[in-house]
Structure formats: structure tokens, C-alpha cells
Amino acid sequence: MARLANLEAWKQRQIELRGRMRFEPLKTIPRFVAGVDCAFSRDKRFVHAVAIVWDRQLDKAIDRCEVTRPVEMPYVPGFLSFREGPAVIPAVRGLKHSFGAVLFDGQGLAHPRRCGLAAHMSVELGVI
């Protein structure tokens, strides 16, 4: 596992990303929505991310992308995106079907620096 990165650099990255967030209401509720979550291998050496696109009209998943990567960073409270992000980003980018909203299993603004996993990943992925 990589050495723990400088926490001050991570904090500065979160502050920079927070400044790039946009807040706009959805014009309509999208038919296609994405969701992504992670799990860790029993030995905690690998992170598994799965992203799906859900068709709200058909009430079923219509696209799926799974990514498994070695865990690069230990868990540090307030910095989950740096641990899970390396698997989340390619999982969402691997979706072939478009979507109008994405749900992340992590904090957004309800975070000490107002840039938790959901906010961080949204900006990184350009779904802000």
C-alpha cells in the first residue's frame, strides 16, 4: 500500500474542488440515474466498485461497470474519496449508457470541508 499522502495536500484538494461545485436544480427527474458503491476484499487489499445505470421507467438496471483495484491509501476519516475514488471514477466512466443524475454512497456537502466523496467524485467526473 502506498504511503499515507500529506493530509494538508488532501485538504487543499478538497477546498479547490469545493470551489468548482455548482448547485442547480434538476429541470425534470431523469429517466436514467446512475449509482455507485464500493466494497473491500476480506483481506482489505482490494477495493471493488460497481456502477449501474437504472431505468426508472422500466424499473431495472440497464448498464453496469465493475472495477477492482488495489487499495492505495488507508482509511482516514474525512478523506474517503482518496481511498475509494481510484475505483469509483473508472467504474462510472465505464458506463456506456448516459444518465441524468448519479448517487454516490458517501458524503457531499455534509463533510467537514464541504467536499466529501459524493461532491469530490461529482467534480472529478464532471457531473456537477
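All values reported here derive from a predicted model rather than from experimental measurement. What's counted below: heavy atoms across the whole structure, side chains too, no hydrogens, waters or symmetry copies.
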Should the heavy atoms of other residues, nucleotides or ligands under 6.0 Å from CD1 of Ile29 be counted, would the total exceed 12? no

Would Arg13 and Phe82 count as a cation-pi pair here, with the cationic atom under 6.0 angstrom from the ring centre and within 45° of the axis? no

Can you sort out the partners of Arg114 under salt bridge (charged side-chain N to carboxylate O under 4.0 Å, His left out), two or more places apart, ordered by chain and number? none

Who else is in the cluster with Trp54 when I, L, V, M, F, W and Y are joined by side-chain contacts under 4.5 Å? Val33, Val50, Ile52

Using side-chain heavy atoms (C-beta onward) and a distance below 4.5 Å, is Leu17 in contact with Glu124? yes

Say you draw a straight line from NE2 of His120 to CG of Leu125; how long is it, rounded to the nearest 0.5 Å? 9.0 Å

Identify all side-chain donor-acceptor contacts of residues 102-112 below 3.5 Å with residues at least two apart in sequence or on another chain.
{"unit_1": "His111", "atom_1": "ND1", "unit_2": "Arg113", "atom_2": "N", "d": "3.0"}
{"unit_1": "His111", "atom_1": "ND1", "unit_2": "Cys115", "atom_2": "N", "d": "3.4"}
{"unit_1": "His111", "atom_1": "NE2", "unit_2": "Gly78", "atom_2": "O", "d": "2.9"}

All side chain to side chain contact (heavy atoms under 4.5 Å, CB included) counterparts of Leu26, not counting sequence neighbours: Pro30

Output the distance between atom NZ (Lys96) and atom SG (Cys65), rounded to the nearest 0.5 Å. 7.0 Å

Connected via hydrophobic side-chain network under 4.5 Å: Phe99 and Val36: yes

Among pairs that include at least one residue of residues 49-58, which meet salt bridge (charged side-chain N to carboxylate O under 4.0 Å, His left out), considering only residues two or more places apart or in two chains? Arg31-Asp55

Taking all atoms of both residues into account, what is the closest heavy-atom pair of Arg83 and Val71, and its distance? NH1-CG1, 3.3 Å

Distance, nearest 0.5 Å, that separates CG of Leu95 from CG of Asp63: 5.0 Å

Rounding to 0.5 Å, atoms CD (Glu66) and NE2 (His48) come to a distance of 10.0 Å

Mind checking ring-ring contact (aromatic ring centres under 6.0 Å, His included) for Phe32 and listing every partner two or more places apart, or none if nothing turns up? His97

Let me check something: do Val127 and Val88 share a hydrophobic cluster, defined by ILVMFWY side-chain heavy atoms less than 4.5 Å apart, either directly or through other members? yes

Are side-chain heavy atoms of Val92 and Met121 found at a separation under 4.5 Å? no

Heavy-atom pair with the smallest gap, counting every atom of Ser81 and Pro86: O-CD, 4.1 Å

If I take atom OG from residue Ser122 and atom CZ from residue Arg22, how far apart are they, to the nearest 0.5 angstrom? 10.5 Å

